[in-house]
Q: 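Okay, handing you the structure first.
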Amino acid sequence: MTLADAFLNLATPLPFLFLCTGVFLGIMVGVMPGITAGMLMALTLPFTYHMTSQHAVILLMGMFVGGVSGGLITATLMRIPGEPNAIMTCLDGHALARRGFPGRALGLGNAASLVGGGLSWIALVLLAPPLAKVAVYFGPFENFALVVMALVLISSLSEGSFLKGFSAGLLGMLVAMPGIDESSGMMRLTFGVAAFEGGFNILPVILGTFALGQVFADALNVEEKFEALEASLKGMFISAHDYLLHGWNILRSSLIGLWMGILPGVGATIASIVAYTTAKNVSKHPEAFGSGSEEAIIATESANNATTGGTLIPLLTLGIPGGLTDSILLGALVIHNLQPGPLLFRNNPEIVNAIMASHLLAHAIMFLMMTLGIGLFARMMQIPRAYVLPLVVVFCAIGAFALNNRVFDVWLMLAFGAVGFLLEVAKVPLAPFVVGLALAPVAETELRAGLMSSAGSYAPFVQRPAALFLLVVAAAVFLWPFLRKWRRGRAQPA
Amino acid sequence: MDVNRAARVSDALYSLALLLIAGLVLREAGTLAPAPYDPLGPKTFPVWICYGLIALALAMLARLATGRDLGRAQQSMVLGLDQMAEHVRRPWTALALFGLTIAYAAALSLRGIGFMAATGCYLLLAGLTLTRLDRKQLLPIAIAAGVAAVALDFIFRRIFILDLP
């Protein structure tokens, strides 16, 4: 199936319905403080098990795009980031709304999101296939080195907590170990518990860490009050003149978002901060930033939507999640027995094209829904948490149980919900944990296959240039924080 | 306990937990036999991971012992935990919700209590917990809980044809 076929497929009733549903739910969740798009996607994973892989990725892509965009509404009307990537939009979006222009603030953000997403789609379509063609020549040693690099990269996400991040990644890998060893058929690390023989499925772990942890955090913050400005369509439709006026800003911010999205572990939040700062630095009116600057809104919203295409590039071509939410997309592909990476382009091109087509169309649908449904979405901000949070828990329980029809998975989800919450309280990054969990089976299988083919020799790690390069990059990223600290210590006067 | 001290205590506990987990897994992995024709076998990979965890845990404890901190994750998967709150935080509400969720999972495990009854009770009690037992909310939450429990049971059993507990 080509990309054109994928677009045509999206025009048929069922895939189109899935995409629209995904975008709608993503926006809805992006709007509601305390409920994240990651949580929604994690909740949806178990139900995608009963769908075809294509429909599943279409639905999840809709949620992904909708969720990134939905945070704009809460940020503008309530000065609360509905999603973490909307933090910078809070500053100027809300200020412009308070000056009497809520529609214009929302319209600018919405338009910027559409263009940013569109530009990142172009990059996705142009860059991903050639990169996949190179990566298809990777053997087991390269694939193992790639996983090591991915883990080190995503652990380095948080400067200053690299040790914690890397330990979280290793912990995630360890959680993937119990159960049947696929290479030898032996049972391992079950501790004599029969329920462990099936292993720890990635799904209840993701549900627990992503969704339940957030529910408990929201319960902790149940006294938090939200006051919202009234949503208005007045001024929401942006003219061609506005697009031209802000054209350079949109292009620059989109490229920043795209690049940040491609870098594994960076994500939309940092992209929006960098785009905001850059826009402020080059602006003729930097003093306006923070008090309703249109340039600021455009910069942050185009950057954070541009990351959506950027994060898909390493995910699809190399199997490395480019951002926090990408690790759930990775989990979704794994659950459907699809291995993200270069072979996905060869073995399942229809999935790749479905993802690409959904990405673009989701942005267009998002733009229309946000424009026309602003009143409805604004009302959703007011749904009390007392109704929503317990329902989220019930959906998690259903999702975990439905996987294998065993209550053990519900207990597993609960356990990892508590573990995930405690890790967050201790400021241990969770993204490396999830990445380690998802990639550990791949890493072990590839390493063992490689060593069997080389009769136990590790020399191919040095003899094969791609594997050596990836390991060198991993080592450099691992050592860089320590090197930088050492240099800073030397530079400081005694 | 000030914030820095609390952070150091949690970091130390995290490091010790890693040591404990790695130790337990190493002991269990030691019982595995090597596989023929496989240079690594089923136990090598978990053992390497445990060695990595032990090394990192010891490095973290050494940093803490020398008065340095371990840093903080810049990006959080969970919103609402990292910033200072203007509102009052309710740890007991979060704990109560966690306790109710455990009870819900236990109820789902028992054959005598069906999904609908367990879910209805959970939604009601959890909703009341989150409203801090506000009497005015009792009736609306009770109605919402009942309707949701019936609707979910119908949707997932009859429409999605899922087996529920």
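Chain identifiers are assigned alphabetically (A, B, ...) following the order of the sequence lines, protein sequences preceding nucleic acid strands; residue numbering begins at 1 within each chain.
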Q: Below 4.5 Å from any heavy atom of chain A, which atoms of B:I49 appear? Answer side chain, backbone, both or neither.
A: both
Q: With side chain to side chain contact (heavy atoms under 4.5 Å, CB included) as the criterion, how do A:F216 and A:V425 come out once you've worked through the C-alpha distance, each side chain's angles and the decisive distance to 0.1 Å?
A: CA-CA 11 Å; A:F216 299 139; A:V425 167; over 6 Å; no
Q: Does any backbone or side-chain atom of A:A176 lie under 4.5 Å from a heavy atom of chain B? Answer side chain, backbone, both or neither.
A: neither
Q: Tell me which of these, B:A118, B:P140, B:A57, has more heavy-atom pairs under 4.5 Å with chain A than the rest.
A: B:P140
Q: So which pairs with a foot in residues 167-178 of chain A pass side chain to side chain donor-acceptor pair (under 3.5 Å), sequence neighbours left out?
A: A:S167-B:Y14
Q: Taking the six-membered ring where the residue is Trp, are the ring centres of B:Y122 and B:F115 under 6.0 Å apart?
A: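 No, too far apart.
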Q: Taking NZ, NE, NH1 and NH2 as the nitrogens, is one of them in A:R406 or A:D409 under 4.0 Å from a carboxylate oxygen of the other?
A: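 The answer is yes: the pair qualifies as a salt bridge.
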Q: Tell me whether the count of non-hydrogen atoms from other residues, nucleotides or ligands lying under 6.0 Å of OH in B:Y51 goes above 12.
A: no
Q: Would you mind telling me which of B:G127, B:A126, B:P46 has the largest number of heavy-atom pairs within less than 4.5 Å of chain A?
A: B:P46
Q: Between chain A and each of B:Q137, B:M60, B:R90, count heavy-atom pairs under 4.5 Å; write down the option with the most.
A: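 Sorted descending by pairs with chain A, the first entry is B:R90.
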Q: So which part of B:A148 gets closer than 4.5 Å to some heavy atom of chain A, the side chain, the backbone, both or neither?
A: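 Only the side chain of B:A148 comes within 4.5 Å of chain A.
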Q: For chain A, which residues from residues 15-23 of chain B have at least one heavy atom closer than 4.5 Å to it?
A: B:L18, B:I21
Q: For chain A, which candidate among B:L24, B:T93, B:L53, B:L100 shows the most heavy-atom pairs at distances under 4.5 Å?
A: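 The candidate making the most pairs under 4.5 Å is B:L53.
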Q: Is chain A contacted by the side chain of B:L152, its backbone, both, or neither, given a heavy-atom distance below 4.5 Å?
A: side chain
Q: Flag the one option from B:R27, B:R132, B:K43 with the top tally of heavy-atom pairs under 4.5 Å to chain A.
A: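 Heavy-atom pairs under 4.5 Å are most numerous for B:R132.
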